[in-house]
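These notes are about the structure you will find just below.
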There are 2 protein chains.
Amino acid sequence: MAREAGVSIGTVSNVLNGTARVTEATRAKVEMAIGRLGFVRNASAWSLAAGRSSTLGFVIIDLSNSYFLDIARGAEREAGKTGLNLLLANSDLSESKQRTYVDLFVEERVAGILIAANHGSDQRLHKSARGVPVVMVDAPGDHTDVCSVVPDNIHGGYLAAMHLIEHGRRHLLFAGATALVPVRDRLTGVERAVAENPGVVLEVEQTRDVQVEDGRRVGDDVALRRTAERPDGVIAAADLLALGVLQSVLLSSSLRVPEDLALIGYDDNRAAWDSAVPLSTVRQPGEEIGLEAVRLLLEELETGTESHQHRMVTCEPALVVRASTIGQEGAGIASTSLAPR
Amino acid sequence: MAREAGVSIGTVSNVLNGTARVTEATRAKVEMAIGRLGFVRNASAWSLAAGRSSTLGFVIIDLSNSYFLDIARGAEREAGKTGLNLLLANSDLSESKQRTYVDLFVEERVAGILIAANHGSDQRLHKSARGVPVVMVDAPGDHTDVCSVVPDNIHGGYLAAMHLIEHGRRHLLFAGATALVPVRDRLTGVERAVAENPGVVLEVEQTRDVQVEDGRRVGDDVALRRTAERPDGVIAAADLLALGVLQSVLLSSSLRVPEDLALIGYDDNRAAWDSAVPLSTVRQPGEEIGLEAVRLLLEELETGTESHQHRMVTCEPALVVRASTIGQEGAGIASTSLAPR
DNA sequence: TTGTATGCGTTATCAA
DNA sequence: TTGATAACGCATACAA
């Protein structure tokens with residue numbers, strides 16, 4: 001390579017990195033040679049010599065959930081600003097795969113690792129990353145030894161409930177699997193909103209999971225009730241759940257959405273965009289979470305892992321108003337004027 | 001590291017790779033040191049010295065499409081059998097990102113690269129990969145200078161049409177954007193089935209795209225027709241399209257699915273799993289495509305890129321029968337007894 | 001401004 | 001069975 005250009009190896013390095021000043025003539029010679037040989041820099045050798053890497057790794061628990069893909073997008077964009085690339089690894093809900101991929105990224109000595117892991121058992125995953133900075137994404141719980149970014153599910157639940165209440169709904173039904181931490185948080189927010197509004201009644205219906213089929217059962221239940229006992233507003237803990245409610249209500253009763261029953265979901269999943277009645281929902285701040293995660297990573301990268309003070313960043317969800325809670329007028333993303341907490 | 005263990009650097013390498021025979025005592029010493037220091041092998045140095053890598057790269061055009069995620073799963077599983085890891089890069093429909101990530105993987109000197117690219121402009125993307133084996137995935141067209149794996153869309157269309165015909169449908173409507181190559185192929189298969197069955201009439205309705213909203217328009221059209229002019233079987237070029245048809249027909253008419261109108265989609269998208277009436281569809285052989293792609297890659301890896309003979313592998317889709325085409329009886333994956341071509 | 005030498009962490013070869 | 005040493009392709013510091 002240096003031979004082809006007729007210059008020294010150090011000079012080549014200089015034109016490649018713009019380290020020192022190089023004559024226009026020599027630069028041209030080198031660039032000629034690059035084109036002729038189709039030279040591509042060897043990242044392995046580069047990061048070995050330079051002692052740093054230009055890629056970040058993101059271990060994602062479930063890529064089929066568009067929420068995590070949104071996080072990846074946000075992270076990718078923020079990383080790009082610093083010239084960093086983002087590589088993804090899909091752990092597909094498997095803990096062993098999570099370990100494998102974290103290990104892989106550590107072996108590759110990537111600049112930093114993002115982990116979106118199982119809520120249950122991720123507590124020590126980041127410890128595998130000897131020396132490589134890690135940020136846990138969407139990981140509830142106290143983390144004093146690692147940075148993390150989480151969505152504010154409590155405020156999200158609050159937003160959903162307040163929206164229904166402000167539109168005159170007085171009998172709310174919250175449906176969801178409260179065994180799941182995020183669902184529990186959302187319920188907490190709903191309860192807070194209800195507590196702030198005397199006269200509003202809240203009912204909670206447990207579901208097994210938060211899938212479409214669970215929602216259908218909830219919808220069937222609601223559809224069968226007498227008018228007096230029927231809620232006029234349903235908050236589903238997830239969009240898929242809401243989708244099931246909607247299907248069941250629309251097909252097995254003459255109830256109208258939103259006139260007889262306002263319905264709001266959670267997540268702003270792609271799956272919910274195209275429902276028969278467009279679904280109001282609470283949008284997860286996916287891209288923002290990704291962005292903040294990368295920022296934390298860079299922060300730790302600069303200050304050095306040793307003297308770095310770990311912290312948790314919370315991102316706020318936003319209300320998305322569509323047809324399932326109000327009429328045609330004024331659909332769109334609501335102002336986020338309701339401050340969290 | 002070698003110092004910590006009190007042995008030589010070469011010995012450490014031997015116990016790590018099991019290259020040469022090592023005394024049980026020295027092995028123990030080394031393993032002690034590994035545990036003590038929390039040693040993790042440096043992949044950069046490894047692939048630099050060994051001249052090969054243990055990871056594959058997959059540049060994916062659109063991770064929000066579950067089809068590509070299926071391909072990734074298949075590829076990951078097959079790669080795992082050989083001890084290779086699969087890293088993902090989401091190019092999000094952007095050609096420049098595709099280039100960026102292909103370049104990145106080449107720089108990293110991964111063992112091989114899988115590319116799922118835009119149908120239009122991917123024709124020379126693999127040329128960027130100087131020396132690194134590439135397999136194009138889901139890339140229609142003639143590729144004499146690169147291996148590729150494609151689904152058999154013609155046969156898929158044929159399967160869908162034959163299914164409706166065998167269940168007594170005589171007036172078929174194919175809806176889709178035939179500007180898209182895969183859609184055109186599916187239509188070709190449908191036409192073939194119709195040609196084989198005298199008495200069956202085929203109508204083609206052009207759509208702008210293959211999204212839910214396009215499907216709604218088709219559904220509205222069908223719902224408004226008089227009985228005599230109405231098709232009794234609809235083949236939608238994609239599941240989202242079918243979803244739109246279903247929504248519109250169910251909500252704006254009294255037509256029953258499948259009694260009055262049989263409906264079949266294409267892709268087996270997640271989005272279609274949970275529709276009000278479960279959607280019959282043609283399942284893309286996603287995992288198989290990923291598997292075959294990795295096999296081609298390994299093949300090229302063994303024979304050497306020079307003497308390698310590039311080829312194209314075709315994977316067969318499968319009919320998935322759900323409630324939208326027949327009654328409750330016999331739902332499930334049909335036998336694939338209908339041979340392609 | 002350009003060339004030269006050293007080292008990054010590992011494998012692989014050969015000598016001990 | 002083990003130790004020493006030369007690559008691998010690059011950055012970097014220093015000499016020319």
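Since the structure is predicted, the reported quantities are computational estimates derived from the model, not experimental observations.
- Using a 4.5 Å cut-off on side-chain heavy atoms (C-beta onward), B/L297 and B/L84 make no contact.
- A/G51 comes within 4.0 angstrom of nothing in the nucleic acid, heavy atoms only.
- With contacts defined as side-chain heavy-atom distances shorter than 4.5 Å, the pair A/E108/B/T55 qualifies.
- Across the protein-nucleic acid pair, A/N42 atom CG and C/dG9 atom C1' stand 14 Å apart, rounded to whole Å.
- Residue order along DNA chain D, read from the 5' end via each residue's closest nucleotide, puts B/G6 first among B/G6 and B/A50.
- Contact footprint of chain B on DNA chain D: nucleotides with an atom under 4.0 Å from a non-hydrogen protein atom, first to last in 5' to 3' order, D/dT1 to D/dG9.
- Residue contacts for B/T19: at a heavy-atom cut-off of 4.0 Å it reaches no nucleic acid atom on any strand shown.
- The nearest whole Å value for the distance from the CZ atom in B/R52 to the P atom in C/dT11 is 9 Å.
- Note on A/E287 versus A/R73: no salt bridge recorded, every NZ/NE/NH1/NH2 to OD/OE distance being 4.0 Å or above.
- Two residues, A/V12 and B/A45, neighbour DNA chain D, and the one matched to the more 5' nucleotide by heavy-atom proximity is B/A45.
- When distances run from any side-chain atom of B/I9 to the nucleotides C/dG3, C/dT4, C/dT11, the shortest one goes to C/dT11.
- With rounding to whole Å, A/W46 atom CH2 is found 19 Å from C/dT10 atom C1'.
- As judged by a 4.0 angstrom heavy-atom cut-off over every strand, B/V7 is placed among residues touching the sugar-phosphate backbone only.
- In terms of phosphate contacts, A/T23 brings no side-chain nitrogen or oxygen within less than 4.0 Å of OP1 or OP2 of C/dT1.
- Applying a 4.0 Å cut-off to non-hydrogen atoms, none of the residues of residues 102-112 of chain A approaches DNA chain D.
- Remark: P of C/dT11 and CG of A/L48 are 12 Å apart, rounded to the nearest angstrom.
- Counting any heavy atom pair closer than 4.0 Å across all strands shown, A/S44 reaches no nucleic acid atom.
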